[in-house]
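Counting convention: from 1, in listed order, for ligands and their atoms alike.
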Amino acid sequence: MKFSKRIEAMQSSPVRKLVPYAQAAKAEGKKVYHLNIGQPDVKTPAVFFDAVRKFDAQVLEYALSQGIPELIDAIVDYYKANGLNYDSGEILITNGGSEALMFAMLAVCDPGDQILVPEPFYTNYNGFGSTVDVSLTPVTTTAENGFHLPSKEEVLAAITPRTKAILLSNPGNPTGVVYTKEEVRMLADIAIEKDLFIISDEVYREFVYDGEVHTSFASMEDAADRVILIESISKRFSACGARIGSLACKNKPLIAQIMKLCQGRLCVPTIEQVGAVELYKMPKSYYDEVCAEYKGRRDIVYKALQEMPGVLCEKPKGALYVVAKLPVEDAEEFIIWMLKEFDYNGETVMLSPAEGFYATSGLGKNEARIAYVLNAEELEKAMNCLKEGLKAYTALKK
Ligand SMILES: Cc1ncc(COP(=O)(O)O)c(C=O)c1O
């Protein structure tokens with residue numbers, strides 16, 4: 001039996017593909033610190049579970065395809081609190097930010113079209129792209145330049161007649177970059193000049209450190225009808241398993257088109273939406289606390305990496321990740337070795353190989369993404385374990 005070229009061309013998630021090695025390590029009795037996946041250990045706010053417990057309908061009905069009105073209204077208010085202006089007819093609830101991203105691609109691209117994306121980028125963009133026969137055209141950014149964008153000319157040079165959109169996460173996964181207002185403006189100008197959509201993935205909006213300011217593409221009013229805003233409760237409220245995201249756009253005809261996709265998949269789980277309503281009502285102090293917690297974790301990871309011989313990285317300014325160059329030839333081989341062959345007092349660490357976060361082949365081979373999603377004590381242990389692992393591995397390779 002033959003499978004489709006489309007499915008065969010799709011890459012396995014670099015974040016998840018090494019999981020069997022982690023499972024084998026655990027079966028051997030090793031403790032594995034998971035710094036490979038953005039699964040935070042921060043508690044989901046109790047209001048979510050309280051709302052779910054109070055849910056007392058006799059029938060668990062389909063919800064409306066666009067999402068329950070209470071959740072849409074709560075997001076309208078959340079946007080307002082962030083200085084962004086969307087009305088309830090401009091927002092669709094989706095099965096995670098993932099579905100919102102895929103719907104956006106489907107709605108603005110035909111098979112064979114291209115989307116411009118700064119690399120390294122959130123690796124699942126690759127998977128979503130291959131699902132809908134859209135290729136990603138990378139604009140390479142580097143640690144040396146803080147993963148900021150190259151000049152306008154360089155970005156323009158990567159645009160072809162088949163480019164339909166610019167896609168980026170801001171703050172950035174995996175780089176931790178927070179794009180400046182000038183960069184956001186520059187991309188908005190390019191989108192207007194070249195008649196492109198901007199798929200702006202702002203799921204880490206609140207995770208910004210060191211006084212950096214996040215500029216939303218939604219604040220660029222002259223580009224409003226081409227900005228598709230992607231949100232998720234996964235990291236914002238540490239509710240990854242709820243699978244609630246959303247898509248917002250001021251271009252109502254586009255929303256009407258995407259609504260057809262929403263109708264086709266019927267609805268998003270009803271009970272999780274009920275819980276999510278309460279999350280979007282959390283006070284500002286909630287975000288401040290969570291942000292302070294992650295900043296502390298970022299500091300631990302960055303300091304530890306600075307002290308490891310041969311490791312190079314840029315201090316991330318946002319999100320929950322850092323990309324580090326390791327003193328190894330092949331980061332994936334090292335990560336597998338850490339799981340298969342190494343332990344430090346019965347413990348080891350799992351990272352994500354960064355190669356799959358690039359579209360340009362050959363880039364990222366000696367890099368790994370580290371997600372600082374564990375509490376301070378566990379992170380200290382994990383980073384110490386990584387230091388010992390690197391020491392042992394580099395000695396072995398000499
Ligand atoms: C940048 C970015 N966008 C989208 C997603 C997907 O979020 P969700 O869990 O809501 O599908 C993630 C998840 O890690 C992410 O990092």
Side-chain angles (χ1 to χ4, degrees), residues 13-17 19 34-42 44 48 67 71 75 78 91-106 115 117-129 131-132 136 141 147 165-179 198-208 214 216-217 228-248 261-262 265 268-269 272-273 275-276 279-280 290 294 298 316-323 351-352 354 356-359 369-373:
S13 163
V15 178
R16 291 176 179 252
K17 74 176 179 187
V19 165
H34 281 278
L35 304 185
N36 59 309
I37 188 163
Q39 171 55 66
D41 67 352
V42 168
T44 314
F48 177 89
L71 180 53
I75 294 177
Y78 160 83
I91 298 172
L92 299 169
I93 307 301
T94 55
N95 286 289
S98 303
E99 190 184 58
L101 285 160
M102 192 118 75
F103 281 2
M105 287 186 183
L106 269 170
I115 292 183
V117 51
E119 70 177 352
F121 50 80
Y122 174 49
T123 176
N124 282 335
Y125 292 166
N126 253 330
F128 303 145
T131 313
V132 299
L136 302 182
T141 66
F147 294 109
I166 299 171
L167 164 64
L168 74 172
S169 67
N170 180 29
N173 175 6
T175 61
V177 68
V178 178
Y179 295 109
I198 297 170
I199 305 174
S200 184
D201 180 343
E202 301 188 11
V203 304
Y204 298 104
R205 179 176 294 111
E206 289 80 10
F207 300 85
V208 170
H214 176 258
S216 174
F217 275 94
I228 306 173
L229 206 51
I230 309 293
E231 309 289 348
S232 165
I233 70 165
S234 290
K235 315 294 153 84
R236 182 166 293 147
F237 303 113
S238 196
C240 298
R243 312 304 310 130
I244 302 288
S246 60
L247 178 154
L261 292 165
C262 294
R265 60 82 167 112
V268 171
E272 277 78 359
Q273 290 191 70
L279 294 178
Y280 270 110
V290 171
Y294 280 111
R298 190 274 318 255
K317 301 290 189 194
L320 322 173
Y321 313 95
V322 57
V323 174
L351 312 178
S352 280
F357 293 74
Y358 289 85
R369 185 193 75 167
I370 298 171
Y372 39 95
V373 288

- [ ] Would you please write out the protein residues whose heavy atoms approach any atom of ligand 1 to under 4.0 angstrom, listed by chain and number?
- [x] G96, G97, S98, L101, Y122, S169, N173, D201, V203, Y204, S232, S234, K235, R243

Task: Whether R298 side chain and K317 backbone form a donor-acceptor pair below 3.5 Å - done: no

Task: All pairs passing salt bridge (Lys or Arg N to Asp or Glu O under 4.0 Å) where residues 165-174 contributes a residue, at least two apart - done: none

TODO: Carefully, step by step, assess Y204 and Y321 under the rule ring pair (Phe, Tyr, Trp, His ring centres under 6.0 Å).
DONE: CA-CA 11 Å; Y204 298 104; Y321 313 95; 5.6 Å; yes

Task: For N36, side chain to side chain contact (heavy atoms under 4.5 Å, CB included) partners two or more places apart - done: H34, M350, S352

TODO: Could I get the full list of ring pair (Phe, Tyr, Trp, His ring centres under 6.0 Å) partners for Y280, not counting sequence neighbours?
DONE: Y78, F237

Task: Worked check of side-chain hydrogen bond (donor to acceptor under 3.5 Å, both in side chains) between E202 and S216 - done: CA-CA 8 Å; E202 301 188 11; S216 174; 2.8 Å; yes

